[in-house]
Amino acid sequence: MTSRSLPRPVVQQSASEATAGGAAAGHHAHQPRGLLRWVLTTNHKEIGTLYLLFALLMFFIGGTMALVVRAELFQPGMTFILPEFFNQMTTMHGLIMVFGAIMPAFVGLANWMVPVQIGAPDMALPRLNNFSFWLLPVSFTILLSTLFMEGGGPNFGWTFYAPLSTTYAPPSTSFFILAMHLAGISSILGAINIIATILNLRTPNMRLMDMPLFVWTWLITAFLLIAVMPVLAGVITMMLLDINFGTSFFDAAGGGDPVLFQHLFWFFGHPEVYIMILPAFGIVSAIVPTFARKRLFGYASMVYATASIAILSFVVWAHHMFTVGLPLTAQLFFMYSTMLIAVPTGVKVFNWIATLFRGSISFELPMLFSLAFIVQFTIGGLSGVMLAIAPADFQYHDTYFVVAHFHYVLVPGAVFAILAAAYYWLPKWSGVYPNVKLGLTHFWLSVIGVNLTFFPMHFSGLAGMPRRIPDYALQFADFNLLSSIGGFLFGISQLLFVAVVILCIRGKGEKAPAQAWEGAEGLEWTLPSPAPLHTFDTPPEFVPERDSPSRH
Amino acid sequence: MLQLLYRSCGLLLLLTGPALASAINTSSGWNMPPGVTDISREIYSLHMIIFWICVAIAVVVFGVMFWSLFVYRKSKGAKPAHFHENTTVEVIWTAIPLAILVIMAIPATATLKKIYDASDAEIDILVTGYQWRWHYQYLDQDISFFSNLGTPRSQILGEEDKGDFYLLEVDNPLVLPVGKKVRFLFTSNDVIHAWWVPDLAIKKDTIPGFINESWTIINEPGTYRGQCAELCGQDHAYMPIEVRAVTEEVWLSWLDEQRETAAAEAASGEREWTLAELNERGAGVYTTYCAACHQADGSGMPPAFPALRGNPVMTSAEGRDKHINAVLFGRPGTSMPGYGTTLSVNDLAAVITYERNAWGNDTGDAVQPSEIRALLDR
Ligand code: HEM
Ligand SMILES: [Cu+2]
Ligand SMILES: [Cu+2]
């Protein structure tokens, strides 16, 4: 392995205040204690922890809603909830998982790891960082409270197509819009902070092409966020005006255009799905080389592939709209551009496999989750290619086949990458290794559960089951039964992960050294485990010829 | 429990035995239905081609991956190599997928062009989505009707065994002749729906303010079932589609029959109806159009959907005008739609009468079709 010198001593008093814009001022001596410390913290590690714990909480709330849905779908018939409530559950599940679980989890990982991976003392804008986080609990409290309002919560799907979400929406919709605005502001501010940090606070000598891929993927993700979150803000503002101020952006009766809604939504929505996967690519690109004990294959092509995916993601949005009646030329354009996006995606998968090839591979927990990610994400990518074929999509669209596709890329994909990241960096965060027995059980139950849930959905979708229905024809009963069993298995086994995290927080387990994993590279492993609250107050030494992931 | 047991047997069959034959469409039960039109067959083969290409890619990629995982295990003493880039292979594995995609795109483009050519149709049908039913209008035949879910509520609630076509049956199917080019025009009266019949490989959104277009030529007589595919509110799962494809002669006589019924229906709007007649017909109309929100027993789901049983508007003479008004013109600002333009005067009179007499409302009040007609003509 690298002959990097051991951790440089953490200097307590330093020039970091200047670098961090003075916002970390007074961070050493008089810190508030107890709860207030967490409310007022400007420390990137503490805020990272807050983000991660928040995401975990939302993962369970959103997950419980998914289980309500799966319980209703266990058997045909209106068995245990009413269709109206069913629609609220599918909608809230989607919104909470996307905006409350996956995105905040990645932001939490960025908060923790980006500064330590680039040798920065903190995020560039620490107070803004605190604000970005605390917007989220406010936003989701409002969102969840809509369930208790007259007429119920959002019931129009996470894609909230107008006019179902405007003229025909429940009265609570304005609160839903407010919650989305807050979550959106939080994302934009977080993204600005990440970009400012990466562009300004890298340790001397670290060029862009010397950054770890997790940092690269987050830099690109942050640009995507800044580009598309305002579009989301725009579209929900137009909804707000339609609902409360008599405009008719999306109301055909007033000369408005319901299809415009979908264009705007998916101009945000498609890049949004890549926002939820690019950081996962970064995580897997960190973990696979570590446990293959071999450098990542094709570092530069990984960076270029990520950038191409990001750029292409702006010109494929209408593949979600193949059935709205676009003109033939538009249909062809979006079909071709969508197929094209599979190329850089494929390059990524091939690079990971080339990294494994002739490595020296071991199967620690982070590696298991990453390998499962590669296989399962690829399955989702392949069904994505099928969906890109517009004429075939006439049959796939809005069926369980699409549900299978995006859950494969998001659950056994993005969520598995987040779990891999947690298992990988928990020793650095907590100072102890995650419990292997619990972790292995968690892994295998998750793999079985997730595939049992989502694989049968390919079949029920192809056979003709539309998505978002609380009751279905008898034909689909067997596949739904399997999916429901799998869903409960997956959901319940996530409690094991909570147990693993609690053990780590309590410091129960094998103590981890600074270099927690034999083959790991990167500045984070020069820090003691657990990483002290303040790190890299003086920029660490970085010699590109020795330390860069792109060195020759 | 028994049902579960039976179902597990079905599962075993599914996993081990031959595919279960599908009853509801031409699907094998777990694959896309090949369908009954040239286009649907073309889409099916396109689907199978991409599917096998994806399987081949998966086999190669996962094959190399698992082989590497197996051979280069550290526990077997594997020593890592030091290579970490190779421009040639990078170019190759960018170019090969690109080539495969181009190969896929060619037939896909050809099929898409055919799908978009709706010219020279012989029959035009206007399909309008409503919350939560379909309306069909034969533009040149002067026939139009609503098509509602045919499955009784008792089956949905599990009070009765579910039939073979549970949730996929309607009261008035769309009847079409085989071998003729039919053009569909799609629009919506409220929110966006999507008209989907897998065996015809047509799925098109019905959008308020827009008219979409699609076409089909059905090759084989039969009944083809589908569902709304775009979330459209609470009863999205309960607005199926049933297309009955028949020979041209049968279709022509069906058209005549429809016209006769329509004429008889119009004539009976003139005469005086008895309370019993109105109540009987009203019960059916209520189940189809009102029960989803106001419930079969009139108890509603307050506050969103008010109860009708014991409601002063329905039990008092003073409420009568308000009642009729609400049913005809809706309640703006609530989810109560006006039925004045969608239901016939007979149905309107019947359902209002029913609501004023059912569940102990007992006003003994009969609202006549002629009265409704007068109101609507104003
Ligand atoms: C090879 C790459 C991919 C291709 C070609 C692809 C293609 C598509 C297409 C064509 C659809 C629309 C299907 C329909 O509604 O009929 C779709 C839906 C979707 N995809 Fe992908 N996809 C790819 C990768 C991904 C990734 C990486 C993610 C996220 C991590 C993702 C998330 C989604 C989501 C969330 C939806 C459905 C949204 C909804 O309707 O609720 N996809 N994909
Ligand atoms: Cu997309
Ligand atoms: Cu619908």
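Letters A, B, ... are given to chains in the order of the sequence lines, protein chains preceding strands, and every chain is numbered from 1.
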> So A:Thr378 and B:Phe62, side-chain contact (heavy atoms from CB on, under 4.5 Å) or not? Walk me through it.
Replying inline: CA-CA 9 Å; A:Thr378 303; B:Phe62 297 154; 3.7 Å; yes
> Do we get B:Lys204 above A:Phe394's six-membered ring, with its NZ or CZ under 6.0 Å from the centre and within 45° of the axis?
Replying inline: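 Geometry flag: set, cation within 6.0 Å and 45°.
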>> Between A:Asn87 and B:His236, does the side-chain contact (heavy atoms from CB on, under 4.5 Å) criterion hold? Intermediate values first, please.
In response: CA-CA 10 Å; A:Asn87 288 346; B:His236 165 54; 5.6 Å; no
Does any N or O in the side chain of [X] come within less than 3.5 Å of the main-chain N or O of [Y], such that one atom is a donor and the other an acceptor?
X        : Y        : result
A:Lys294 : B:Pro80  : no
B:Asn31  : A:Leu462 : no
A:Gln395 : B:Met32  : no
A:Ser360 : B:Ala78  : yes

>> Working note: A:Leu164 + B:Ile192, criterion side-chain contact (heavy atoms from CB on, under 4.5 Å); need CA distance, chi angles, decisive distance, verdict.
In response: CA-CA 7 Å; A:Leu164 187 62; B:Ile192 301 176; over 6 Å; no
Where do [X] and [Y] come nearest, in terms of heavy atoms and distance?
X        : Y        : result
A:Pro76  : B:Tyr166 : CB-CE2, 4.3 Å
B:Asp190 : A:Pro163 : O-CG, 3.6 Å
A:Phe357 : B:Trp67  : CE1-CZ3, 3.6 Å
B:Pro208 : A:Pro258 : O-CG, 3.7 Å
B:Tyr238 : A:Met78  : OH-CE, 3.5 Å
A:Pro391 : B:Thr111 : CB-CG2, 4.0 Å

Sub-4.5 Å side-chain heavy-atom contact between [X] and [Y]:
X        : Y        : answer
A:Tyr396 : B:His47  : yes
B:Phe210 : A:Val324 : no
A:Asn351 : B:Glu90  : yes
B:Trp196 : A:Asp398 : no
B:Leu101 : A:Leu340 : no
A:Ile469 : B:Gln227 : yes
A:Ser362 : B:Arg73  : no
A:Arg295 : B:His82  : no

Nearest-0.5 Å distance that lies between atom [atom1] in [X] and atom [atom2] in [Y]:
X        : Y        : atom1 : atom2 : value
B:Ile207 : A:Tyr161 : CD1   : OH    : 9.5 Å
A:Tyr304 : B:Thr94  : OH    : OG1   : 13.0 Å
B:Tyr116 : A:Thr329 : OH    : OG1   : 9.0 Å
A:Ile389 : B:Ile43  : CD1   : CD1   : 11.5 Å

>> What part of A:Ala354 gets within 4.5 angstrom of chain B, counting heavy atoms only: side chain, backbone, both, or neither?
In response: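 A:Ala354 touches chain B through backbone and side-chain heavy atoms alike.
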> How about B:Trp132 and A:Tyr168: are their ring centres within less than 6.0 Å of each other?
Replying inline: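 Between A:Tyr168 and B:Trp132, which both carry aromatic rings, the centre distance is not below 6.0 Å.
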>> By the definition side chain to side chain contact (heavy atoms under 4.5 Å, CB included), identify the one residue from B:Ile57, B:Ile50, B:Ile53, B:Val55 that meets it with A:Leu382.
In response: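 Output: one option passes, namely B:Ile57.
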>> salt bridge (Lys or Arg N to Asp or Glu O under 4.0 Å), that's the test. Do B:Lys74 and A:Glu518 meet it? Break it down for me.
In response: CA-CA 12 Å; B:Lys74 183 177 181 238; A:Glu518 182 196 347; 3.4 Å; yes
> Looking at A:Thr90, A:Val347, A:Thr167, A:Thr166, which makes the most heavy-atom pairs under 4.5 Å with chain B?
Replying inline: A:Val347
Between [X] and chain A, which part of the residue has a heavy atom less than 4.5 Å away: side chain, backbone, both or neither?
X        : value
B:Leu98  : both
B:Ala194 : neither
B:Gln131 : side chain
B:Tyr44  : neither
B:Val71  : neither

> Which is it for A:Leu371 and B:Met65 under the side-chain contact (heavy atoms from CB on, under 4.5 Å) test, yes or no, and what are the steps along the way?
Replying inline: CA-CA 9 Å; A:Leu371 293 173; B:Met65 179 174 167; 3.8 Å; yes
> Angle class for the B:Trp93/A:Phe350 ring planes (parallel below 30°, perpendicular above 60°, tilted otherwise)?
Replying inline: tilted
